[in-house]
Amino acid sequence: MENVDIARTLDDVAILLEIKGANPFRIRAYQNAARTVEDHSEPLRKMVEGGADLTELQSIGKDIAGYITELVESGTVQLIEDLEKEIPRSLIEVTRVPGVGPKRTRKLWEELGIETVEALAESAQAGDVAKLSGFGAKSQQKILDAIAARRRVVGRFKLSDADQYVTPLVVHMRELDAVQRLEVAGSYRRRRETVGDIDLLAIATEPQRVIEHFTTYRDVRKIELAGDTKCTVILTSGIQVDLRILPPESYGAALQYFTGSKEHNVRFRKRAVARGIRVSEYGVFRTDSNAEEPSDPLAGEYLAGREEEDVYEALGLPWIPPELREDRGEIDAAEKGSLPELITLDDIRGDLQMHSTWSDGKNSLEEMLDGCVAKGYEYFAITDHSKALAMTGGLDAAKLEMQWAEIEEIASRRSDIRILRGMEVDILAGGDLDLEDDMLQALDVVLVSVHSKLDLPTVEQTERILRAIQHPAVHILAHPTGRVLNRREPMQFDLDEVLHCAAEHGVVVELNAHPDRLDLKDTHLMRAKELGLKISLGTDAHRVGDLDLMHYGVDQARRAWLSEDDVVNAWSLERVLEWLESRGG
DNA sequence: GCCGTTTTCGGCCCGACTGTTTTCAGTCG
């Protein structure tokens with residue numbers, strides 16, 4: 001029972017209550033609690049076991065704390081069992097069909113007996129949905145399209161995929177002279193590891209021309225809606241793009257608003273309300289308590305909105321980097337002046353995971369070296385695979401010694417960068433390492449990672465990793481959870497226990513910067529930092545070009561509030577060597 | 001259901017677009 005499972009259960013309760021037509025504020029209470037749980041770095045399971053008081057957590061009161069405890073201890077909650085007696089749980093999926101919310105779900109269920117997405121598709125196909133009051137032919141078609149689209153594109157887009165769609169689109173939009181400013185907001189700007197859609201923001205003199213330019217972009221497959229200031233399209237890739245057009249005096253406010261996250265904005269606006277001001281995408285306004293004009297978004301005295309910095313300043317706060325805007329304490333930190341000095345790409349001085357043609361890399365060792373020199377690095381580690389990964393041409397002791405000879409030869413004539421002799425050593429099924437101890441000791445840097453038997457039972461998997469990282473030669477636990485975004489779930493194991501053990505033994509954990517992995521994820525990294533662990537940002541490059549992926553790691557590190565001091569490969573060579581030599585040798 | 005520098009009751013973020021119910025509810029972000 002991990003935090004994600006608890007959060008999902010709370011979200012399910014909220015949806016069931018919504019279908020039931022419960023008090024909207026009660027519903028939101030469950031949603032807020034789910035968010036808290038999802039973002040909490042420490043497993044609530046452990047807090048429950050340790051007898052901690054869950055009501056200390058934001059948005060969790062006596063009742064929900066009780067439900068969480070019940071859930072952890074018994075695997076289920078009476079509340080949801082009771083709700084399921086009234087409302088089929090499968091209706092939760094129906095509410096996730098775009099255009100169908102809880103109200104319409106209830107109507108479909110009551111009047112047509114629809115309990116599943118499949119049944120909804122069939123009913124819509126048969127034309128029954130259009131006959132319901134409140135629905136029509138267009139609604140019915142939208143539902144059919146939405147279900148078909150859902151089947152085509154599952155889930156969210158990896159940030160690196162989104163980059164591929166966004167970059168040319170931004171170029172296209174900026175080509176139009178009527179566009180004065182254009183930015184990408186949303187989770188893309190917050191640099192989340194995956195994005196659901198793309199939010200574009202424009203200041204323009206002639207909105208209609210901008211909308212037309214947007215909708216005629218070569219990759220637009222479908223126009224979902226087009227108004228005077230707002231337009232939504234679906235690209236051929238299936239990704240949705242929202243465009244909003246605003247006047248200059250609203251630009252900063254809109255950028256703030258559409259960057260989100262939703263949770264950050266809720267907290268932000270509550271702060272505004274407490275100060276008698278109102279924040280919307282149009283700007284910051286002094287609320288006129290006498291005037292009863294809630295319909296006018298421009299009512300009241302305009303205080304700020306032109307630049308994002310002004311909007312934060314109007315609420316007495318410094319500007320907050322987008323990566324932090326997840327309602328994880330950033331507004332409190334901003335207020336206290338204790339926002340972290342976030343790491344930047346410029347801080348990175350080396351890369352401690354990459355491969356060469358010695359195993360499954362596409363470039364030679366010296367080509368990789370040239371790539372690192374071109375990045376201005378002071379050092380890098382070459383970390384080819386060990387022999388257990390036969391398919392990658394992993395190295396045994398003899399081959400590793402041959403590689404060391406090559407490294408020595410190159411180092412003798414290349415003094416522009418320090419080469420560290422490393423290896424990504426496989427963690428075997430029982431937790432042994434795939435290299436002899438004397439060789440491990442002789443390496444400058446030892447990464448260990450799991451590549452096989454990813455589906456061991458939780459307890460065995462945990463034991464296996466714990467055993468491996470307790471080996472005195474180990475420096476870094478690489479891609480700790482083994483997940484591959486949108487393709488492979490993380491391994492089942494007790495990550496928190498592994499992090500504790502790593503902290504105890506001075507082992508560094510990796511943030512694998514490859515955009516397919518980004519492993520550990522942001523909340524895990526926050527937990528690691530909390531436990532005093534240091535982090536290594538490694539690209540896991542298999543070709544020179546992959547060295548450029550470091551920025552995805554930095555994005556993720558920033559989302560985890562990491563600073564230069566938290567990241568070992570932002571340290572000077574001297575400090576890195578000191579750390580490496582303090583272990584192993 | 002949660003919360004508190006309007007604190008144990010009475011609030012809880014705000015606006016756009018669509019389709020359809022001819023005056024607005026539902027959904028979405």
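Numbered from 1 within each chain, the chains take letters A, B, ... in sequence-line order.
Counting to the nearest Å, the P atom of B:dC17 and the CD1 atom of A:Ile245 are 10 Å from each other. Going from atom CZ of A:Arg275 over to atom P of B:dT6 covers 11 Å, rounded to whole Å. With rounding to whole Å, A:Lys142 atom NZ is found 13 Å from B:dC17 atom P. Separating the CG atom of A:Leu201 from the P atom of B:dG29 is a distance of 16 Å, rounded to the nearest angstrom. The NZ-C1' distance, from A:Lys107 to B:dA25, rounds to 11 Å in whole Å. The distance from atom CG of A:Asn32 to atom P of B:dG11 is 19 Å, rounded to the nearest whole Å. If you take CD1 of A:Ile223 and C1' of B:dC17, they are 15 Å apart, rounded to a whole angstrom. B:dG26 atom P lies 14 Å from atom CD1 of A:Ile143, rounded to whole Å.
For A:Val311 against A:Gly305, the heavy-atom pair with the smallest separation is CG2-CA, 3.8 Å.
When the side-chain nitrogen and oxygen atoms of A:Thr229 are compared with OP1 and OP2 of B:dC17, one or more of them lie within a distance under 4.0 Å. Contact annotation: A:Arg278 reaches the phosphate of B:dG15 (side-chain N/O to OP1 or OP2, under 4.0 Å).
Listed nucleotides: B:dT18, B:dT27, B:dA16. Nearest to the side chain of A:Leu225: B:dT18. For A:Lys138, the side-chain atoms get nearest to B:dG19 when compared with the rest of B:dG19, B:dC14, B:dA16. Checking B:dT27, B:dG29, B:dC14 against every side-chain atom of A:Pro102, the shortest atom distance belongs to B:dT27. Distance from the side chain of A:Phe25 is smallest to B:dC12 among B:dT20, B:dG15, B:dC12. The listed nucleotides are B:dG1, B:dT20, B:dC14; the one nearest the side chain of A:Val273 is B:dC14. Of all nucleotides listed (B:dG1, B:dC14, B:dA16), B:dA16 comes nearest to the side chain of A:Lys230. When each of B:dC12, B:dT21, B:dC2 is scored by its nearest atom to the side-chain atoms of A:Lys270, the top-ranked nucleotide is B:dC12. Of the candidates B:dG26, B:dT20, B:dC2, the closest approach to any side-chain atom of A:Ser139 belongs to B:dT20. For A:Lys103, taking side-chain heavy atoms from C-beta onward, the closest of the listed nucleotides B:dA16, B:dC14, B:dT27 is B:dT27.
With hydrogens and angles left out, the side-chain atoms of A:Thr76 and A:Glu81 include a donor and acceptor closer than 3.5 Å. Inspection of the A:Arg192 and A:Ser261 side chains reveals no N or O donor paired with an N or O acceptor under 3.5 Å. Between the side chains of A:Ser133 and A:Lys107, a donor-acceptor pair is found at a separation under 3.5 Å.
Figure legend: A:Arg190 and A:Tyr188 shown without cation-pi pairing, the cationic atom not lying both under 6.0 angstrom from the six-membered ring centre and within 45 degrees of its axis.
The separation of B:dT18 from B:dT23, taken at their C1' atoms, amounts to 15 Å, rounded to a whole angstrom. Nucleotides B:dT21 and B:dG26 are separated by 13 Å at their P atoms, to the nearest Å. Nucleotides B:dC12 and B:dT6 have their C1' atoms positioned 14 Å apart, rounded to a whole Å. Annotation: B:dG10 and B:dG15 have their C1' atoms spaced 25 Å apart (nearest Å). Rounded to whole Å, the P atom of B:dG1 lies 23 Å from the corresponding atom of B:dT5. Of the C1' atoms belonging to B:dT20 and B:dA25, the separation is 10 Å, rounded to the nearest Å.
Side chains of A:Trp561 and A:Glu323 form no contact here, defined as non-hydrogen atoms less than 4.5 Å apart.
Taking 4.0 Å as the cut-off between side-chain N and carboxylate O, A:Asp496 and A:Arg45 do not count as a salt-bridged pair.
Within 4.0 Å of A:Ala137, counting heavy atoms only, lie sugar-phosphate atoms of the nucleic acid but no base atom. In this structure, A:Tyr30 reaches the sugar-phosphate backbone alone: every heavy-atom distance under 4.0 Å involves primed, P, OP1 or OP2 atoms, never a base. As judged by a 4.0 angstrom heavy-atom cut-off over every strand, A:Leu132 is placed among residues making no nucleic acid contact. Contacts of A:Ile27 with the nucleic acid, taken as non-hydrogen atoms under 4.0 Å apart, are absent. Counting non-hydrogen atoms under 4.0 angstrom, A:Gly134 reaches a base of the nucleic acid. In this structure, A:Val13 reaches neither bases nor backbone, as no heavy-atom distance under 4.0 Å exists between it and the strands shown. Within 4.0 Å (heavy atoms only), A:Tyr282 reaches sugar-phosphate atoms of the nucleic acid but no base atom. Looking at heavy-atom distances under 4.0 Å, A:Ala226 makes contact with sugar-phosphate atoms alone, never a base.
With hydrogens and angles ignored, the 3.5 Å screen pairs no side-chain donor or acceptor of A:His172 with any backbone N or O of A:Pro168.
Judged by closest nucleotide on DNA chain B, A:Glu281 is the one of A:Glu281 and A:Gly99 placed further toward the 5' end. Judged by closest nucleotide on DNA chain B, A:Asn23 is the one of A:Asn23 and A:Asp199 placed further toward the 5' end.
Residue-to-nucleotide contacts include no donor-acceptor pair under 3.5 Å from the side chain of A:Tyr67 to the base of B:dG1.
Nucleotide B:dT8 is matched to nothing when pairs are restricted to Watson-Crick or G-U wobble geometry with both distances under 3.5 angstrom.
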